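None of the values given here were measured: they were computed from a predicted structure.
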Amino acid sequence: MRLYYFPVAPNPTRLRLYLAEKAQGGCEIALEYVQVHLPNGEQNSPEHRTRNPLGRVPVLELDDGSYLCESLAIIEYFEELHPEPPMIGRTPLERARVRELERVAELGVLHPIARIVHASNSPLGLPPNPEVAEHFRGVLPAGLQLLDTRIGDAPFVAGEAPSIADCTLAAALQFGRFRGIGIDSDYANLARWDAAYRERASAKDIIVL
Ligand SMILES: N[C@@H](CCC(=O)N[C@@H](CS)C(=O)NCC(=O)O)C(=O)O
């Protein structure tokens, strides 16, 4: 299997973090990694559009030559194939909690950060849109505050073990740092979690900013 990705781009990054967490937990998923250079527009080449007509990464190429897109669908596919160590909890309630927090990390943090970045200083060269950037600067604090409260003094976003919620949040915060969007001291739990998560062996080669 082959994984098409680009470093720091948040959606492939959360998938790579997931794979690194599985490996750290003893489940090595063998993949060939292929970079699609987003700032050069390689995602829009006819070759990549065959893999994903929307021109995005990540894309997983399966051994039969077919393609699977959407980072969460790919994660869920691997998780069903390799349930250990669990990255979406064990019990129905744990699994719901992880998914709840992962959705908050994506919709409440990753999405606003991505909109601010692309509306103010887009690495893809998109035109600036100050109104959109301002709007999402106003949206972001609610997601950060909610996660700060929910993390509390726990080691991971969903409690005692790493989960896909950590992967999405770490990928989102790195993409923010890439364009100077940090988390301020109002979010002490989040800042502590972020510093600790970046020290994990699984994160070291992937969270580079
Ligand atoms: N919902 C998709 C989003 C994929 C996505 O937007 N990927 C970005 C990188 S984070 C991309 O490839 N952007 C290139 C472009 O829009 O031209 C997923 O979760 O995989």
If you apply the rule side-chain contact (heavy atoms from CB on, under 4.5 Å), what do you find for Arg115 with Val139, and how did you get there? CA-CA 10 Å; Arg115 296 298 301 269; Val139 165; over 6 Å; no
Should we say atom CG of Asp153 is surrounded by more than 12 heavy atoms from elsewhere, each under 6.0 Å from it? no
Can you confirm whether more than 12 heavy atoms, excluding those of Asn40, are under 6.0 Å from its CG atom? yes
Determine yes or no for a side-chain-to-main-chain donor-acceptor pair under 3.5 angstrom, with Asp148 supplying the side chain and Asn189 the backbone. yes
List the atom of Asp205, the atom of Arg16, and the distance in Å for their closest heavy-atom pair. O-NH2, 4.2 Å
Does Arg2 use its side chain to pair, donor to acceptor, with the backbone of Glu61 at less than 3.5 Å? no
Heavy-atom closest pair, residues Leu209 and Arg198: O-NH2, 3.8 Å
Can you name the closest pair of heavy atoms from Ala203 and Tyr197 and give their distance? CB-O, 3.5 Å
State, with a plain yes or no, whether a side-chain heavy atom of Arg150 is found less than 4.5 Å away from one of Val157. no
Give, for atom CG of Leu3 and atom CD of Gln35, the distance between the pair rounded to the nearest 0.5 Å. 11.0 Å
Please confirm whether the backbone N or O of Ile116 pairs with a side-chain atom of Ser120, one donor and one acceptor, at under 3.5 Å? yes
Is any side-chain heavy atom of Leu19 closer than 4.5 Å to a side-chain heavy atom of Phe78? yes
Contacts of type side-chain contact (heavy atoms from CB on, under 4.5 Å), residue Leu124, not counting sequence neighbours: Leu38, Gln43, His118, Ser122, Leu126
Close side-chain approach of Glu106 to Ile164, heavy-atom, < 4.5 Å: no
Donor-acceptor under 3.5 Å (Asn129 side chain, Ala119 main chain): no
Verify same cluster id: Phe178, Ile181 (apolar side-chain graph, 4.5 Å): yes
Checking the side chain of Tyr18 only, and the main-chain atoms of Glu79 only, is there a donor and an acceptor separated by less than 3.5 Å? yes
Ala158 to Val98 - nearest heavy-atom pair and separation: CB-CG2, 3.9 Å
Point-to-point distance, once rounded to the nearest 0.5 Å, from OH of Tyr4 to CD of Glu47: 7.5 Å
Does the side chain of Thr168 come under 3.5 Å of the side chain of Glu102 through a donor N or O and an acceptor N or O? yes
With rounding to the nearest 0.5 angstrom, report the CD to CE distance, Glu32 to Met1. 11.5 Å
Taking atom CD of Glu131 and atom CZ of Phe136, what is their separation to the nearest 0.5 Å? 12.5 Å
Using only atom types and a distance under 3.5 Å, with no angle test, would you say the side chain of Ser45 pairs donor to acceptor with the backbone of Gly41? no
Is there a path of hydrophobic side-chain contacts, each under 4.5 Å between heavy atoms of I/L/V/M/F/W/Y residues, joining Tyr5 to Leu68? yes
Heavy-atom nearest pair, Glu21 first then Pro85, reads O-CG, 4.4 Å
Taking the side chain as everything from C-beta on, heavy atoms only, tell me whether Gln174 gets closer than 4.5 Å to Val208. yes
Should Glu134 and Arg137 count as an ion pair when the cut-off is N to O under 4.0 Å? yes
Tell me, do Pro58 and Ile74 make a side-chain contact under 4.5 Å, heavy atoms counted? yes
Hey, which of Leu101, Leu169, Leu146 is the one that makes side chain to side chain contact (heavy atoms under 4.5 Å, CB included) with Ile151? Leu169
Grouping I, L, V, M, F, W and Y whenever their side-chain heavy atoms are under 4.5 Å apart, do Leu17 and Ile183 come out in a common cluster? yes
So, Arg49 and Asn52: side-chain donor and acceptor under 3.5 Å apart, yes or no? no
For Val59 and Cys69, work out which heavy atoms get closest and say how close. CG2-SG, 4.1 Å
Using modelled atom types only, decide if a donor and an acceptor are shared between the side chain of Arg192 and the backbone of Gly152 within a distance under 3.5 Å. yes
Are any non-hydrogen side-chain atoms of Phe6 and Pro39 less than 4.5 angstrom apart? yes
Decide whether Leu173 and Leu15 are clustered together by the hydrophobic rule: side chain heavy atoms of Ile, Leu, Val, Met, Phe, Trp, Tyr closer than 4.5 Å, transitively. no
Could you tell me whether Arg97 and Glu100 make a salt bridge, using a distance below 4.0 angstrom between a side-chain N and a carboxylate O? yes
Below 4.5 Å, heavy atoms only, C-beta onward: do Glu94 and Pro86 meet side chain to side chain? no
Without swapping roles, check the side chain of Arg179 against the backbone of Asn121 for a donor-acceptor pair under 3.5 Å. yes
Would a hydrophobic clustering, with Ile, Leu, Val, Met, Phe, Trp and Tyr connected at side-chain separations under 4.5 Å, put Trp193 with Leu144? yes
Measure the CG-CD distance between Leu72 and Glu76 for me, rounded to the nearest 0.5 Å. 6.5 Å
Counting C-beta onward and ignoring hydrogens, is there a side-chain heavy-atom pair between Leu140 and Val109 closer than 4.5 Å? yes
Quick one: OH on Tyr187 to CG on Leu147, what's the gap to the nearest 0.5 Å? 10.5 Å
Looking at Lys22 and Glu84, is any side-chain nitrogen of the basic one under 4.0 Å from a carboxylate oxygen of the acidic one? no
